[in-house]
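Working notes, beginning with the structure itself.
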Amino acid sequence: MLKNSWFVVAASGDVSAAPRPVRMLGQDFVAFRDRSGAARLLSDTCVHRGGALSGGRIVDDSVECPYHGLRFGVDGRCVAIPAQPQLRIPAKARVDSYPIIERYGWIWAFLGDLPDAERPPIPKLPWVDDPSIRLVRGRFDWDVSWDRVMENGLDFAHAPFVHGTSFGDPDNPDIDAFDVKVDDWEGSARMVMHRPIRSWLSSKKGANRTAVVVRPSFHLSGPCTFLELEPRKGWRVFIASAHVPVDRNRTRTIWMMGRSFFRHWLFDRDSIKRNMRIFTEDHAVLTNVKPESVPDDWQDEVSVKSDALQIAFRKRLRMWEAVGNKIDESRLDREFRGRRATAIACPARRLTDFNWPIEEVPTLPFAARNDTVKL
């Protein structure tokens, strides 16, 4: 799991004026909306006696801890200590507060302490606001490591075998050669798959096959996988999936799907059902993959040409880890779990000269990775 990137907290409609618990990167957060309607995200642990702020309530744009009533404003500063109202509030009475961007019907939070100029971008999804595209949205929870889920979304060689009754053809699993384009934060490919022509009345295969152009891609913000395809001439399908690490082997996928055809709402249920069926088929396979997470070295597994986009993802991932952004999960378990509260450090920590009561999540230092790697 990585810090210093944008993560999709929730769909916009799932966050209200009531505090909502959210778990990401093995840490607990509280999300809510202030009086202006702006989404906010704070670390969920009260600095007084460790109460969960998400179990409290919102009072005058501050979160009130349910344990002793301390209140924390949208910037994370403590604004009230009810037991001693005349007491000067200590400067270190503060929880981490994270930058938020609300876009595409999703709430994005920057979980890290980098200044604005050094943060990665949020991906561009112009089709989300295109009035000719009908959108449906959903969520899927995995008992699988986020990086395995990400790779699965980029891998079309598995479709004939895992999704043979949905859209793959196990009798003809070939994929034409393709090139991969990569930059600092994202990668994409244009692939051609061959699928059987099925009768519109049933799922029985016809005698012919048709070529389908698919454009899978990834972005480290989200972190997201995307897919564009044209199942028939003039028909366009777009899928965006944010695969948010919850814990080491738990992932929350917040997804949306757009289609340029059958745009009446009566067809939404079928679109959602199809997408959830594909996730369920993938989940059945991924829960048994070993090792549970993507290996540190992509050469630890046998790779072939059709794995080129997944390899590009692994390389970008390792480069972002190498500059000190990988959470040290072993140390976190060994030294902190059950003993000391932790939080992802927010940008405000760089601007203060006191020790924050909640410890910063440990990360692997730059020197512990590959010190020759550059972004």
Side-chain angles (χ1 to χ4, degrees), residues 3-10 12 14-102 107-116 119 244 246 327 332 336-362:
K3 69 168 193 173
N4 278 327
S5 188
W6 292 94
F7 293 86
V8 175
V9 176
S12 293
D14 290 339
V15 176
S16 67
R20 174 188 176 92
V22 181
R23 189 164 177 85
M24 298 177 286
L25 307 183
Q27 304 296 308
D28 293 313
F29 304 85
V30 55
F32 63 97
R33 292 189 183 275
D34 63 21
R35 282 176 292 194
S36 72
R40 304 289 184 173
L41 188 75
L42 306 179
S43 171
D44 196 31
T45 305
C46 179
V47 297
H48 176 228
R49 287 297 181 268
L53 300 179
S54 57
R57 58 179 185 147
I58 305 301
V59 181
D60 296 331
D61 271 358
S62 61
V63 185
E64 183 181 84
C65 179
Y67 198 2
H68 298 94
L70 276 72
R71 295 178 185 173
F72 299 87
V74 295
D75 63 354
R77 299 175 190 267
C78 181
V79 297
I81 302 177
Q84 301 182 59
Q86 305 306 317
L87 178 70
R88 179 178 176 274
I89 298 174
K92 69 177 184 178
R94 186 170 185 172
V95 298
D96 291 88
S97 175
Y98 304 92
I100 291 287
I101 294 176
E102 193 160 358
I107 296 171
W108 305 70
F110 184 77
L111 302 183
D113 59 355
L114 291 179
D116 185 59
R119 297 170 195 166
V244 184
V246 178
I327 294 174
L332 192 61
F336 293 85
R337 196 78 68 191
R339 299 178 180 87
R340 289 181 285 175
T342 56
I344 302 294
C346 71
R349 290 205 183 212
R350 291 193 175 206
L351 305 176
T352 57
D353 57 3
F354 55 79
N355 292 325
W356 289 53
I358 304 297
E359 299 242 15
E360 178 180 347
V361 166

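Position 1 is the first residue of the sequence, and the numbers go up from there. Both backbone and side-chain heavy atoms feed into the values below; hydrogens, waters and symmetry mates do not.
When side chains are defined from C-beta on, V9 counts as touching M24, because their heavy atoms get closer than 4.5 Å. You'll find the side chain of V30 stays beyond 4.5 Å of the side chain of V22, heavy atoms only. In this structure the side chain of I100 never reaches within 4.5 angstrom of the side chain of R40, judged on heavy atoms. The closest side-chain heavy-atom distance from F72 to S62 is not below 4.5 Å. Put simply, the side chain of R94 does not reach to within 4.5 Å of the side chain of V47, judged on heavy atoms. Here the side chains of V59 and R71 are in contact, with some heavy-atom distance below 4.5 Å. Residues V95 and T45 fail the side-chain proximity criterion, which asks for heavy atoms closer than 4.5 Å. Within the 4.5 Å cutoff, no side-chain heavy atoms of F32 are placed close to those of S54.
For the pair R350 (side chain) and P115 (backbone), a donor-acceptor distance under 3.5 Å is absent. Judged by distance alone, with hydrogens and angles left aside, the side-chain atoms of R33 form no donor-acceptor pair with the main-chain N or O of S36 at under 3.5 Å. A distance-only check finds no donor-acceptor pair linking the side chain of D28 to the backbone of D44 [under 3.5 Å]. Under a 3.5 Å cut-off, the side chain of D61 and the backbone N or O of R35 do form a donor-acceptor pair.
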Please evaluate residues Y98 and I344 with respect to the criterion side-chain contact (heavy atoms from CB on, under 4.5 Å), reporting the C-alpha separation (whole Å), side-chain torsions for both, the decisive distance (0.1 Å), and the verdict.
CA-CA 9 Å; Y98 304 92; I344 302 294; 3.9 Å; yes
Residues R349, W356; criterion side-chain contact (heavy atoms from CB on, under 4.5 Å); working and verdict:
CA-CA 8 Å; R349 290 205 183 212; W356 289 53; 3.5 Å; yes
Decide side-chain contact (heavy atoms from CB on, under 4.5 Å) for L111 and L41; before the verdict, give the C-alpha distance in whole Å, the side-chain angles of both, and the deciding distance to 0.1 Å.
CA-CA 10 Å; L111 302 183; L41 188 75; 3.9 Å; yes
Intermediate values then yes/no, side-chain contact (heavy atoms from CB on, under 4.5 Å), E360 and K3
CA-CA 11 Å; E360 178 180 347; K3 69 168 193 173; 3.3 Å; yes
Intermediate values then yes/no, side chain to side chain donor-acceptor pair (under 3.5 Å), E102 and S12:
CA-CA 7 Å; E102 193 160 358; S12 293; 2.7 Å; yes
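Shown here for D96 and A343, the closest heavy-atom pair between the two residues is OD1-CB, 3.6 Å. Taking both residues in full, the closest heavy atoms of I81 and P90 are given as CD1-CD, 4.3 Å, listed atom of the first, atom of the second, then distance. In terms of heavy atoms, I58 sits closest to A17 at CG1-O, 2.9 Å. Residue P347 comes nearest to S97 through the heavy atom pair CD-O, 4.3 Å, listed as atom of the first residue, atom of the second, then distance. The two residues P19 and L53 have their closest heavy-atom pair at CB-O, 4.3 Å.
Remark: R119 qualifies as a cation-pi partner of F110 under the 6.0 Å distance and 45° angle criteria applied to the six-membered ring.
Residue R88 qualifies as open at atom CZ: its count of foreign heavy atoms under 6.0 Å is 12 or below. Heavy-atom neighbours of Y67 OH from other residues, nucleotides or ligands within 6.0 Å: at or below the threshold of 12.
One finds the CG atom of L332 at 6.0 Å from the CD atom of Q27 (value rounded to the nearest 0.5 Å). Remark: T342 OG1 to L25 CG distance equals 10.5 Å, nearest 0.5 Å. Between the NE2 atom of H68 and the NE2 atom of H48 there is a distance of 5.0 Å, given to the nearest 0.5 Å. Distance check: L42 CG to D75 CG gives 8.5 Å after rounding to the nearest 0.5 Å.
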